[in-house]
2 protein chains.
Amino acid sequence: MTDSVRKLVQQRLRDGDYTCRKEFTLAMFNGKWKVNIIYHLGHEGSYYFHELQALLPHASHKELAKKLKELQEDSLIDREIEDNGPRVKVAYSLTPLGRSLLPIIDAMYDWGDQRLRELNVHDVQFGLGQVKQ
Amino acid sequence: MTDSVRKLVQQRLRDGDYTCRKEFTLAMFNGKWKVNIIYHLGHEGSYYFHELQALLPHASHKELAKKLKELQEDSLIDREIEDNGPRVKVAYSLTPLGRSLLPIIDAMYDWGDQRLRELNVHDVQFGLGQVKQ
DNA sequence: CCGTATCCACACCGATACTG
DNA sequence: CAGTATCGGTGTGGATACGG
């Protein structure tokens, strides 16, 4: 997903248009990997950058760094630099604001879990029905 | 917003990978206008296509039709053709499954509402902080 | 009234490489 | 170890037009 929702919402807020509450929230975790980052940091505590890389092996180095930066800009995560040694490590953790998103993320997890179970049970080709042409 | 999350999730499910519950849910309402469509249909009942157009004046004719088709494919909305007269009208409404998403959408509304109030009160340039370069 | 096709601009994201 | 720049493929969404 794209980040266009996020940029559009930012523009609307700059224009004084606050009639985008749902989109504003969506923009917080819209974008590839963001939901997973928030979920991991929320349920398992803080992680170093390279640990997040290991948790999300399909995420490219560049995109992971970019998404973390955006989450930090949105005040959802904290970034702490540990400069003790030859190598610098950076630890990420959820802010209280980021933690306040967890009920929504968890609700999304539960909804998806239940829906996937239903589809599996009824064997409807996993429910990804195509409209008849 | 894009639909890449939706397509990616569909592919993962086809591959037998069900470890994407949160992304699966996100894919339901990710994509421009979808959250608003669900919200309107959920809180105000069914609408004709042209009524939705009026409710979402910035959505192009093409994209609105496309998103409605996707929502229908995902079994979130029903589509009913009323062919009484020279002009055909099409009514859209939420399915029970679509209605089951409302608690999440409403939670997103509430989160965004509260967050925007906080930012307004504290006047932090509406919180869209930029990371120092 | 509603759906879809075409064309086009642009944003995203991956691969790669360079920096500190 | 972590962040950023560049290049390129691809998907998304707007304008427009045509078909049912």
Side-chain angles (χ1 to χ4, degrees), chain A residues 1-11 23 26-27 29-34 36-37 46-73 77-92 130-133, chain B residues 1-11 23 26-27 29-34 36-37 46-73 77-92 130-133:
Chain A
M1 160 141 92
T2 71
D3 210 8
S4 50
V5 168
R6 188 167 172 270
K7 289 181 180 169
L8 185 62
V9 166
Q10 291 180 352
Q11 185 58 52
E23 295 86 344
L26 180 58
F29 50 78
N30 195 14
K32 222 169 175 180
W33 315 115
K34 278 192 180 181
N36 268 311
I37 295 170
S46 68
Y47 279 120
Y48 292 117
F49 183 89
H50 68 272
E51 291 176 326
L52 287 171
Q53 273 193 294
L55 287 170
L56 305 169
H58 296 297
S60 74
H61 180 109
K62 188 195 78 170
E63 282 304 308
L64 184 55
K66 190 176 171 190
K67 296 309 173 190
L68 287 168
K69 187 175 176 180
E70 289 175 2
L71 289 169
Q72 190 196 355
E73 287 173 3
I77 65 175
D78 272 329
R79 180 175 182 272
E80 197 166 350
I81 304 173
E82 296 184 8
D83 195 354
N84 40 348
R87 289 300 178 190
V88 174
K89 294 207 283 190
V90 180
Y92 291 95
Q130 297 302 310
V131 170
K132 304 290 186 300
Q133 296 294 336
Chain B
M1 163 90 191
T2 72
D3 211 7
S4 50
V5 169
R6 189 167 172 270
K7 289 183 180 167
L8 185 63
V9 166
Q10 291 180 352
Q11 185 59 53
E23 294 86 343
L26 180 57
F29 50 79
N30 193 15
K32 222 169 174 180
W33 316 115
K34 279 192 180 180
N36 268 311
I37 295 170
S46 68
Y47 278 119
Y48 292 117
F49 184 89
H50 68 272
E51 291 176 325
L52 286 171
Q53 273 193 293
L55 286 170
L56 305 170
H58 296 298
S60 73
H61 180 110
K62 188 194 79 169
E63 281 305 306
L64 184 55
K66 190 177 171 190
K67 296 310 174 190
L68 287 168
K69 186 176 176 180
E70 290 175 1
L71 290 169
Q72 189 197 355
E73 288 173 2
I77 64 175
D78 272 329
R79 181 176 182 272
E80 196 165 351
I81 304 174
E82 296 184 7
D83 195 354
N84 40 348
R87 288 301 176 190
V88 174
K89 293 207 285 190
V90 180
Y92 291 96
Q130 298 300 313
V131 170
K132 304 289 186 300
Q133 297 292 338

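Quick caveat: nothing in here was measured; it's all calculated off a predicted structure. The sequence lines fix the lettering, A, B, ..., with proteins before strands; numbering per chain opens at 1.
In this structure, the OH atom of B:Tyr47 is 17 Å from the P atom of C:dC1, given to the nearest Å. One can place NZ of A:Lys69 at 16 Å from P of C:dC13, the figure rounded to the nearest angstrom. Atom CG in B:Leu56 sits roughly 16 Å away from atom C1' in C:dC2 (whole-Å rounding). As rounded to whole Å, 15 Å separates atom C1' of D:dG3 from atom NZ of A:Lys67. Counting to the nearest Å, the P atom of D:dC1 and the CD atom of A:Glu80 are 19 Å from each other. We find that CD1 of B:Ile81 is positioned 16 Å from P of D:dG20, with the value rounded to whole Å. Counting to the nearest Å, the P atom of C:dT4 and the CZ atom of B:Phe49 are 10 Å from each other. We find that CG of A:Asp83 is positioned 12 Å from P of D:dA2, with the value rounded to whole Å.
Checked against C:dC1, C:dC2, C:dG3, the side chain of B:Arg87 finds its nearest nucleotide in C:dC1. If you check C:dT4, D:dG3, D:dG14 against the side chain of B:Glu63, the one that comes closest is D:dG14. For B:His61, the side-chain atoms get nearest to C:dG3 when compared with the rest of C:dG14, C:dG3, D:dT4. Relative to the side chain of B:Lys89, the nucleotides D:dG14, C:dC2, D:dA2 differ in distance, and C:dC2 lies closest.
A 4.5 Å side-chain heavy-atom check between B:Leu68 and B:Val90 finds every atom pair outside the cut-off. Within the 4.5 Å cutoff, the side chain of B:Phe49 has heavy atoms near those of the B:His61 side chain. In this structure, the side chains of A:Glu70 and A:Arg6 come closer than 4.5 Å at one or more pairs of heavy atoms. Taking 4.5 Å as the limit, every side-chain heavy atom of A:Ile37 sits out of range of all side-chain heavy atoms of A:Tyr92. Taking the side chain as every heavy atom from C-beta outward, B:His50 and B:Lys89 approach each other to under 4.5 Å.
Taking only side-chain nitrogens and oxygens, A:Tyr92 comes nearer than 4.0 Å to OP1 or OP2 of D:dG3. Note on A:Arg79: every side-chain N or O is 4.0 Å or more away from OP1 and OP2 of D:dA2. Considering only side-chain N and O atoms, A:Lys7 lies under 4.0 angstrom from the phosphate OP1 or OP2 of C:dC12. B:Lys66 has no side-chain polar atom (N or O) that falls below the 4.0 Å cut-off from OP1 or OP2 of D:dG14.
Of the two residues contacting DNA chain C, namely B:Lys62 and B:Glu51, the nearest-nucleotide position lying further toward the 5' end is that of B:Glu51. Two residues, B:Trp33 and A:Gln53, neighbour DNA chain D, and the one matched to the more 5' nucleotide by heavy-atom proximity is A:Gln53.
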